[in-house]
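Before any comments, here is the structure.
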Amino acid sequence: MPHRQRRGIYLLPNSFTAAALFGGFYAIVMAMGQRYDLAAVAIFAAMVLDSLDGRVARLTHTQSEFGAQFDSLADMVSFGAAPALIMYQWSLHGLGKLGWLAAFVYCAGAALRLARFNTNIGAVDKNYFQGLPSPAAAALVAGFIWIMSDADVRGTHVPWVAFAITVFAGVTMVTNVPFYSFKAVSLRRSVPFITLFLIVLLIGLIAYKPPLVLFGLFVVYALSGYAVYAWRRMNGKSASVISTSTDEPDERGLHH
């Protein structure tokens, strides 16, 4: 009888994906216990872990179709369902039907973005994302909750601001607005000394005031896509780019 090759999964990169999935689940549990600051931190922790799994897979040559699918499902929980449910629990429930509709718009936007990536694998512009990446959208929602919790502001005091941020993030994920992917940035290339100083300065600012600095960074990034869109239109260039990734432009086939 011919020897049947055993099929398995790669432990190391999938462990990072599982940890990112746990971050999203933990965030929901913390929100149910009204620990919204911990819920927001868990979303950011999931973002860090999600950014590592694909890189670990490439470094260890452990990419697989299973890993790509597992990552997409984990992203849907950590950056789709979790931020929507946390924002609803924290603030949007006070708006009644409008509140859960806003949360659904965000959740559906994340799902549609993942589906668009999975069905348009072959046409990827590595320099841009098409629409706001779901981790960045989650960072907008979680960052706002974190900064408000840090300032002792209750979600019931800012429901319409929460509504606007949630809908903006959800809609921006499914637009054709181009967002720079930073894929062209090479870590092996030499840079001016001032670049290293700015990185150190940024790390210091984040350490000093994590909620404010992180939320500010992702607000700038979320608005940068619209600036690029307007600049392209003003210069007669095509404003639409074909890029369908969730968190990395080379995600499909390069995951574990």
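Quick note: residue numbers are just sequence positions, from 1.
Across all their heavy atoms, Gly67 and Asn14 have their closest contact at CA-OD1, 3.9 Å. What you find for Gly109 and Val174 is that their closest heavy atoms are O-CG1, 3.5 Å. Across all their heavy atoms, Leu21 and Ser78 have their closest contact at CA-OG, 3.7 Å. Closest of all the heavy-atom pairs between Met30 and Ala39 is CB-N, 3.9 Å. Shortest non-hydrogen contact noted between Phe129 and Tyr221 is CD1-OH, 3.5 Å. Nearest approach of Ser134 to Met173, heavy atoms of both residues: CA-SD, 3.7 Å.
A donor-acceptor contact shorter than 3.5 Å is absent between the side chain of Thr172 and the backbone of Ala169.
Taken from CD1 in Ile43 to CG in Leu140, the straight-line distance is 12.5 Å, to the nearest 0.5 Å. For the atom pair OG1 (Thr166) and CG (Leu92), the distance works out to 4.5 Å, reported to the nearest 0.5 Å.
Annotation: side chain of Arg116 is not in contact with side chain of Leu114 (no heavy-atom distance under 4.5 Å). With a 4.5 Å cut-off on side-chain heavy atoms, Val105 and Val171 count as touching. In this structure the side chain of Met76 reaches within 4.5 angstrom of the side chain of Cys107, judged on heavy atoms. Taking 4.5 Å as the limit, every side-chain heavy atom of Ser224 sits out of range of all side-chain heavy atoms of Tyr180.
Just one of Asp53, Val56, Leu49 meets the side chain to side chain contact (heavy atoms under 4.5 Å, CB included) condition when paired with Thr17; it is Asp53.
Every side chain to side chain contact (heavy atoms under 4.5 Å, CB included) that Val213 has, sequence neighbours left out, goes to Leu202, Leu205, Ile206, Lys209, Leu217. For the side chain to side chain contact (heavy atoms under 4.5 Å, CB included) test, residues two or more places apart in sequence or in another chain that qualify with Ile203 are Ile199.
Trp146 and Phe44 have tilted rings, their planes meeting at an angle from 30° to 60° on a 0 to 90° scale. Between Tyr36 and Trp90, the ring planes are perpendicular. Angles over 60° get that label, and only those under 30° would be called parallel. Using cut-offs of 30° and 60° for the angle between ring planes, the Trp160 and Phe163 rings count as perpendicular.
Looking only at atom types and distance, the side chain of Tyr226 has no donor-acceptor partner in the side chain of Thr175 under 3.5 Å away.
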